[in-house]
Trainee: 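Let me begin by handing over the structure; questions about it come next.
No experiment lies behind these values; they were computed from the predicted model shown. Letters go in sequence order (proteins before strands), and every chain restarts at 1.
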Amino acid sequence: MSLHLYDTWTRSLREFTPLQPGEVGLYTCGPTVYDYQHIGNYRTFLFEDGLKRVLRLNGLKVNHVMNITDVGHLVSDGDDGEDKMEKGSRRTGKTAWDIAALYTESFVGDLKLLGIDFPTTLCKATDNIPEQIAFIEEIEKKGYTYITSDGVYFDTAKQQSYGYLGRLDIKGLQAGARVDLGEKRNATDYALWKFSKPEDKRQMEWDAPWGRGFPGWHIECSAMAHKYLGEYFDIHCGGEDHITVHHTNEISQSEAAYGSRLSNYWMHGYFLLTNDAKMSKSAGEFLRVQLLIDKGYDPIAYRYLCLTAHYRTQMTFSWESLDAAQIALDRLRLNIHSMGAPGSQPNAEYVAKFMDKLNDDLNFPQALALTFEVSKSDLPNAEKKATLLKFDEAFGLGFASWQPKEVDVPENVRTVADARWAARNAKDWAEADRLRGELTALGWTMKDGKDAYTLTKL
RNA sequence: GGCGGGUUAGCAAAGAGGUUAUGCAGCGGAUUGCAAAUCCGUUUAGAACGGUUCGAUUCCGUUACCCGCCUCCA
């Protein structure tokens with residue numbers, strides 16, 4: 001079957017047709033670099049990476065743009081909270097610019113650890129301030145803005161189409177608003193430009209026609225997407241939480257400025273839950289990729305775990321499920337490694353089946369199930385391996401380059417192991433068992449092979 | 001309060017109106033001096049109630065519980 005993707009805009013599966021034959025313009029909302037990213041954030045980035053890989057397997061060239069939000073993202077509600085960068089700066093004693101650099105670097109490192117393909121363009125909000133100002137001017141020219149004492153706002157009441165993506169019930173929102181409107185005219189109005197407060201000396205601020213200040217959060221994505229991908233491109237992705245506010249406002253801005261809903265398809269990755277609640281930065285404790293490594297997991301095991309659930313369902317994270325993923329991954333790796341050299345051609349029938357699964361809105365769980373079917377099939381090893389390596393172009397688990405770990409065995413352990421191997425070969429079972437006990441005490445497990453033994457750390 | 005989604009075996013998680021999801025764990029067997037690893041086989045399902053149907057875990061309705069968004073958020 002041809003590629004079908006679920007589009008939040010229509011709330012339905014749509015056959016994917018690129019606007020330009022053979023090419024895809026893809027914008028994915030990137031991180032806000034005021035803190036580390038947690039593995040829940042990466043679930044969305046992994047989903048987007050899977051999407052890219054499937055687009056490529058369908059013969060499409062992907063032009064991928066991702067933003068780095070390094071200014072303007074407010075800590076709390078109603079457009080009157082503190083800038084996250086400035087807050088992070090106060091917390092750590094570093095400058096806002098240093099904070100941005102530090103966490104951007106951490107983010108890029110994590111992408112590598114997780115095998116996530118780098119975007120074609122990774123752009124920072126602070127590098128594109130003039131573009132954002134120009135975008136706001138365009139919206140202003142069209143008559144959708146008003147100015148309050150603290151900033152320039154978008155008047156959503158003037159936009160008939162406002163809120164379609166989120167299927168927002170505007171009246172219900174007005175009535176149930178949990179945040180004080182302040183000077184805003186409508187609950188759904190949002191800031192385009194925020195003025196620096198005279199009493200706060202901001203580290204990040206710029207001159208603009210309306211006054212010195214900094215851009216609102218939503219404008220950066222609209223402005224940079226416009227700059228790098230044009231007024232209307234193929235796919236825009238983000239987390240499920242962006243449906244009702246961030247993406248709704250991005251669309252609102254673009255419709256006001258250019259009469260475009262910005263992207264043909266809108267796709268959203270669903271949350272990772274821990275203890276049946278979403279993982280969040282603001283709620284305190286969160287899991288970083290580095291913590292997984294510290295606990296002895298391979299980050300790719302987390303990537304594998306994410307493949308076992310469909311991107312449009314919330315996934316429950318637990319150490320138990322990560323254990324299961326790590327074990328399954330290790331077995332698969334070893335199994336594939338033991339198949340020897342891959343053949344020149346994958347099995348066409350299995351690859352066709354595989355593409356059917358992926359083209360059905362990225363059904364990675366079923367694609368993974370098929371992987372085990374192939375692995376157990378009667379195909380010759382060379383063809384089997386070629387097939388599984390082909391599958392891995394979508395999974396990104398790195399089967400082709402994987403090698404069993406070389407373990408450094410201390411000399412004293414090696415000596416005992418050699419002695420036990422000799423005793424075993426001499427059929428001195430009592431001595432062999434005694435020496436095995438000694439190895440256990442040293443923290444090693446000895447496995448007897450046909451012609452040699454292997455040692456693994458407990 | 002408004003809007004949306006979910007409830008599948010010990011855990012995680014798919015598809016499908018009737019035919020094994022899958023992985024991990026468990027159990028049985030082969031193998032092994034004993035193990036480990038591996039291989040083979042296999043037990044546990046679909047919130048509750050009602051409806052449609054020859055047949056529903058799958059479609060419809062009601063109830064219960066859970067989660068998300070509406071506020072910074074992947």
Trainee: Does B/G2 have OP1 or OP2 under 4.0 Å away from a side-chain N or O of A/Arg167?
Mentor: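 No, no such contact exists.
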
Trainee: Does a side-chain N or O of A/Arg331 approach OP1 or OP2 of B/U22 to a distance below 4.0 Å, or not?
Mentor: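 Indeed not, no polar side-chain atom of A/Arg331 lies that close.
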
Trainee: Regarding A/Arg11, tell me which of base, sugar-phosphate or nothing describes its non-hydrogen contacts under 4.0 Å with the strands shown.
Mentor: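 Since no nucleic acid heavy atom lies under 4.0 Å of A/Arg11, the category is nothing.
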
Trainee: What about A/Tyr103 and A/Tyr36, are their ring centers closer than 6.0 Å?
Mentor: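 They qualify: ring centres under 6.0 Å apart.
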
Trainee: Taking only side-chain N and O atoms of A/Lys376, does any of them lie within less than 4.0 angstrom of OP1 or OP2 on B/G23?
Mentor: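 True: A/Lys376 side-chain N/O within range (under 4.0 Å) of B/G23 OP1/OP2.
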
Trainee: What is the separation between atom NZ on A/Lys353 and atom C1' on B/G15, rounded to the nearest whole Å?
Mentor: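 Taking NZ of A/Lys353 and C1' of B/G15, I get 14 Å after rounding.
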
Trainee: Tell me what A/Phe372 touches on the nucleic acid: a base, only sugar-phosphate, or nothing, going by heavy atoms under 4.0 Å.
Mentor: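 Sugar-phosphate, backbone atoms only, no base.
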
Trainee: For B/G46, does the O4'-C1'-N9-C4 or O4'-C1'-N1-C2 angle fall within 90° of 0, making it syn, or is it anti?
Mentor: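 Judged by the O4'-C1' to base torsion, B/G46 sits in syn, the angle falling within 90° of 0.
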
Trainee: Quick one: label A/Ile243 by what it contacts on the DNA or RNA (base, sugar-phosphate, nothing), any heavy atom closer than 4.0 Å.
Mentor: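 Here A/Ile243 touches no strand at all.
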
Trainee: Taking atom P of B/A16 as reference, at what distance in whole Å does atom CG of A/Asp356 sit?
Mentor: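 Atom CG in A/Asp356 sits about 13 Å away from atom P in B/A16.
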
Trainee: Applying a 3.5 angstrom cut-off to the pairing atoms, does RNA chain B sit in any stems of at least three consecutive Watson-Crick or G-U pairs? List them by first number.
Mentor: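 For RNA chain B the paired stretches long enough to count as stems (3 pairs minimum) are B:1-7 with B:64-70, B:10-12 with B:22-24, B:26-30 with B:38-42, B:47-51 with B:59-63.
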
Trainee: For a quick check, tell me whether the side chain of A/Asn335 and the base of B/C39 share a donor-acceptor pair closer than 3.5 Å.
Mentor: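 Side chain to base: no pair present.
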
Trainee: Applying a 4.0 Å non-hydrogen cut-off, can you work out what A/Thr371 is touching in the nucleic acid: base, sugar-phosphate, or nothing?
Mentor: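 A/Thr371: no heavy atom of the nucleic acid under 4.0 Å.
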
Trainee: Are A/Asp189 and A/Tyr146 linked by a side-chain donor-acceptor pair shorter than 3.5 Å?
Mentor: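 Short answer, yes.
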
Trainee: For the side chain of A/Asp433 and the base of B/G33, is some donor closer than 3.5 Å to an acceptor across the two?
Mentor: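 Flag set: donor-acceptor pair detected.
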
Trainee: Looking at A/Arg420 and B/G33, is any side-chain donor or acceptor paired with a base atom of the opposite kind under 3.5 Å?
Mentor: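 Looking at the base of B/G33, it does pair with a donor or acceptor on the side chain of A/Arg420 (distance under 3.5 Å).
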
